[in-house]
Structures are given as structure tokens and as C-alpha cells.
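All chains are named by letter (A, B, ...) in the order of the sequence lines, taking the proteins before the strands, and each is independently numbered beginning at 1.
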Number of protein chains: 2
Amino acid sequence: MSDPDPHLLIVDDDERIRDLLARFLKRQGFLVSTARDAAHARRLLAGLEFDLIVLDVMMPGEDGITLTERLRGEIRTPILLLTARGETEDRIRGLEAGADDYLVKPFEPRELSLRINAILRRVPDMPAARNLPKVLHLGAVRYDIDRGELWSGDTPVRLTATEVQLMRVFSAHPGEPLSRQQLVEELGRGASGDQPGAQERAVDVQITRLRRKIEADPKQPRYLQTIRGAGYMLSPD
Amino acid sequence: MSDPDPHLLIVDDDERIRDLLARFLKRQGFLVSTARDAAHARRLLAGLEFDLIVLDVMMPGEDGITLTERLRGEIRTPILLLTARGETEDRIRGLEAGADDYLVKPFEPRELSLRINAILRRVPDMPAARNLPKVLHLGAVRYDIDRGELWSGDTPVRLTATEVQLMRVFSAHPGEPLSRQQLVEELGRGASGDQPGAQERAVDVQITRLRRKIEADPKQPRYLQTIRGAGYMLSPD
DNA sequence: TCCTGACATCAAAAAGTTTTCACATGTTGC
DNA sequence: GCAACATGTGAAAACTTTTTGATGTCAGGA
């Protein structure tokens, strides 16, 4: 976190998406450059160092997968592909061409930053890569982000699927308040037409239980705090 | 899989463990060398290329974490640490020193080979690294190993936790029959003193359900086959 | 201080998952 | 073909997890 902000290159021919992602990712603390096609991207790559490239598969001219293949011959910078829903083949060819991960459109910007962080976390510290901690310290408790495991001292604490998802989201945004609404969406609970607010109550309950697992004194949470009117925030040591 | 077998270096001061692991991993198709301490390991590393190093943390002389730190200054070869149960700090310091993963003793050898494969899968293809496929093809169905996601054409198929675990194990041992007993153990169902065989029936049921999700004709399984008297085997395309 | 809205939490209900059991079906060796 | 055994599978039971609804508590503004 004290490292310099990672530099991202977004390559997408749709200007709206490019701007949207750029603005969002800048807010997340990344340095962002954009390119509208493969040729443009190559020009930028010739002159600048990037820590990660976000690449749309569907582009006029050289497509994302071809670009991935070519780049892999030259550089090791991680590549995350954006593929269209339905183009299963693209995803596979992309990974085989050397992409590090993919995301299916349409996606939540938040999900993108989650995956970017996951990749940066496991990239061996190349020049300028932010090496995010793989383990969150919460007093006597430790959370292993990639494995989704919680350890209380020496004993593993069993987390349910939903709890792991929650921790995953919180650890991608440490020290940042996340609203119940955001959390519900991250948990992938479809925005059904239920009584409004009903679903958010479920978040409360999950938080309560999570606190019982990570807080020394759940009544007086120190790490998983309530931000009144805003939501919840995880603050690791 | 057509790449040359990956070369592993096992560093552990306990000869019994060294031999046990070496034999097991050779059977899994790895090339294995062993060293009894840090100095010995360095000598081997000076002369040979390895694809992955398995390192015991507790060793007389230079300990595993120190060695990890030093090696990280020189080479990028992935390192997997073996830590003692209870030494939480070791795990964390290990990851921070640059280890790629850890395993807590005691562990199942099978779990070790699973993790080794997971690491090799995500290592960008350095010289001689086996690049295992990240996606298994099963006819029209695809399984993304790292993400534990199953796609039938364009639609994601929801897998339960146990199903994901099963797929995880099968994909680490493609084309290899796994006994019900092994599978039960992998699923972490403690070997309770129940009626013998009862637990194994549960595997059958899980297999049946998995087949319904991955086979075009579950009655006539093509990818997840029964090996009579031996267990089950997954054979991707 | 009292009210109000936001949050915490319990217990019950609902939903989902896994295991067991019983029986059907299939396979092998004689 | 038959016996003996291995495997397949539906359905009930057992269990786990998640959501809901009710109720209590707390913080902050009037």
C-alpha cells in the first residue's frame, strides 16, 4: 500500500466504457491510461511501464486475443481480458494465449478492481507492482485472502461461502466503507422485487456472525466497523 | 501435459519425509531432487534448473524462511513452504518473504501435489515450466480449474461446495482413477467410526449428480467414468 | 429528555446441501 | 444362467446455511 500506485492500461474501442472504467479505477487508487485499439496500445506500451493491461477481446483491427498472444512474446505484464457473454471460446483461447484472468461482460466495475487486485497480489514483485498483502491481520486473527481461510491463532475457523465472499470484498477495499446495497450485489443476490430493505437485513446478520468469528469482542467491533448511515468497513491492522 | 515433466526440489531435514514425498511425487509424474538442508539446496540450485521448490520451514542451520528470502533475491522459481501446525507466524512471514504458497503439516501427499499443480498452472511459462491447462474441456462443457466454475456452453452451471472440491481433485489427476476412499478423504470428511462403506456411498451420489451436470448423457458417462473396483476417473478431451 | 431512525441480534422459517438407506441395475466369474 | 458383488439412483432424513421478521438497543437531533 505504500508502494507507488499501480499503472493500468485499459484497451477498449468503446469510449464510454473506457472512460467509465478509467474514472472508476482512478478512484480506486490506480494510475490509468487508455487506448482505443491494439495499435494505440502498442504505442503506449513502447514508451511506458504498466503493471497490468485490461484488454477488450472484441475490437476492430487486431483483436484482444491476438494482441495477448503477441504481447506474451515480448512482455510478462499481466493481462486481464474482457469477453462478451456467450463467447466461451474466447475465454478459453484467451487463457491459452497467456491471459491471466478474464471477466465476462457485463460486469460490475467493483468486480474488475477485485480481480485486478487479485492478480497484482500474486505477481512476483516486478518493478513497480504493488504487492498487496496476501494475509490480513486482525489482531490475533489472520485472513488468507487468496485461500479464503480464516485462522484464529493456530486453529482454522470455518467460514461459510457467503462469509468468504464478504471477506473477499472487504479485503479488496480495506478501510473503505461499503454500503449494504453494494454488499448485497457483491454477494450476487439478484435484485429481486422483494420488500425493499429485506435483503439488507440479511447483510446485518452476516456481519454479526462474521464479527463473532473475527472480533475478540463482537459487541465492540474493532476491525469490522459500522459506519452509521454508510455501511460497514474493514480496517485491518 | 506434453511439456517435459516439471522438476521439483524437496528440501527437508527429515529423511523419511524427503523419501516419502519424493516417491509420491515421482509417481505423480514429476522429476524430483532432494536436499537435506539449505546449503545442500544451494549447491543443487547452482547447477540445475527447477520449476518449483518445496521447502520445510523448520530446518537446522538456515531455516526455510530465511532461505526463501535469500532465494527471492536471486531467482523467481516458485516456492512452497511446509510449516508446522501452530506456527501461524511462519506462514505469514513466509508469504511475505516471497513464498507462493504454504501447506501445514501434517498434510496428505495428495494435497501437496494439488497445490504444486495449482502453482505451476499460474506461473507464466518460464523455461521448462509445465503449463497445465486452466480449463478442462469436457465436450460442450468447460471447467475453469482456478475459479471452480463450470460452463455449459454459455451458461454457468452452479456447483455446490462439495462438487467443486470433487472437480478440483479430479482435475489435479486427469486420467487417473481415484478410489472412493481417496475421494472421501479429499473432501475432508473425517474418518469417523461410522458403518464402514456408508461414507463411500455418499461419493456415489455426488458422482451421480456431478454427471448430471457435466455429461451429455449421464447414463452413459464419457468424461467421468467408473473404473470398476477402483473408483472414478475424469478424462477431459 | 424524548423521538426517530439506524443498527444488532435472536429465533423461526425457508432454502439448500449432503448423507443415508433401500432397492434397482449391471458386471464378473463360475 | 446364477450367485456374488459393485455401482446407480430416488427419496427421506439429517444437517447446514441463509433469510426473514420481531424485538431490543443505541446515537443523535429537536
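- Within the structure, every side-chain polar atom (N or O) of T226(A) is placed at least 4.0 Å from both OP1 and OP2 of dA6(C).
- Atom CG in L210(B) sits roughly 15 Å away from atom C1' in dT9(D) (whole-Å rounding).
- Between R211(B) atom CZ and dT9(D) atom P there is a gap of 7 Å when expressed in whole angstrom units.
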Per-pair distances, 0.1 Å, donor-acceptor, side chain in residues 224-233 of chain B, under 3.5 Å, sequence neighbours excluded:
from: T226(B); atom 1: OG1; to: R211(B); atom 2: NH2; distance (Å): 2.7
from: Y232(B); atom 1: OH; to: R180(B); atom 2: NH2; distance (Å): 3.0
from: Y232(B); atom 1: OH; to: D204(B); atom 2: OD1; distance (Å): 3.4

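- Identified under the salt bridge (Lys or Arg N to Asp or Glu O under 4.0 Å) test for residues 18-28 of chain B, with sequence neighbours left out: none.
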Look for any protein N or O under 3.5 Å of an N or O in nucleotides 10-13 of chain C and output each such pair with its distance, or none.
from: dC10(C); atom 1: OP2; to: R212(A); atom 2: NH1; distance (Å): 3.2

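- Checked for salt-bridge contact, R142(A) and E96(B) miss the test: no charged N lies under 4.0 Å from a carboxylate O.
- A donor-acceptor pair under 3.5 Å links the side-chain atoms of E215(A) to the main chain of R222(A), judged by distance alone.
- Here dT9(D) presents its P atom at 11 Å from CG of L224(B), a figure rounded to the nearest Å.
- Nearest nucleotide to the side chain of A202(B), out of dA8(C), dT19(C), dT7(D): dT19(C).
- A sub-4.0 Å separation between OP1 or OP2 of dT18(D) and a side-chain N or O of T160(A) is present.
- Residue Q199(B) has its side chain nearest to dT20(C) when only dT20(C), dT18(D), dT9(C) are considered.
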Could you go through the salt bridge (Lys or Arg N to Asp or Glu O under 4.0 Å) check for K213(B) and E163(B) one step at a time? CA-CA 10 Å; K213(B) 295 187 180 179; E163(B) 285 162 355; 2.8 Å; yes
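- Of the two residues contacting DNA chain C, namely R180(A) and V203(B), the nearest-nucleotide position lying further toward the 5' end is that of R180(A).
- In this entry the distance linking CG of D204(B) with C1' of dT25(C) reads 13 Å, nearest Å.
- Heavy-atom neighbours of R110(B) CZ from other residues, nucleotides or ligands within 6.0 Å: above the threshold of 12.
- Residues from residues 229-237 of chain B lying near DNA chain C, meaning a heavy-atom separation below 4.0 Å, are absent.
- Contacts of R147(A) classified as side chain to side chain contact (heavy atoms under 4.5 Å, CB included), with partners at least two apart in sequence or in another chain: D144(A), E149(A), D101(B), Y102(B), L103(B), R115(B).
- Proximity of a side-chain donor or acceptor of T77(B) to a complementary backbone N or O of D51(B) within less than 3.5 Å is not detected.
- For dT17(D), neither phosphate oxygen OP1 nor OP2 lies less than 4.0 angstrom from any side-chain nitrogen or oxygen of Q206(A).
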Per-nt protein contacts along nucleotides 22-30 of chain D (heavy atom under 4.0 Å; B base, S backbone sugar-phosphate only, - none) come out as ---------
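- Nucleic acid contact class of R209(A) (heavy atoms, under 4.0 Å, all strands): base.
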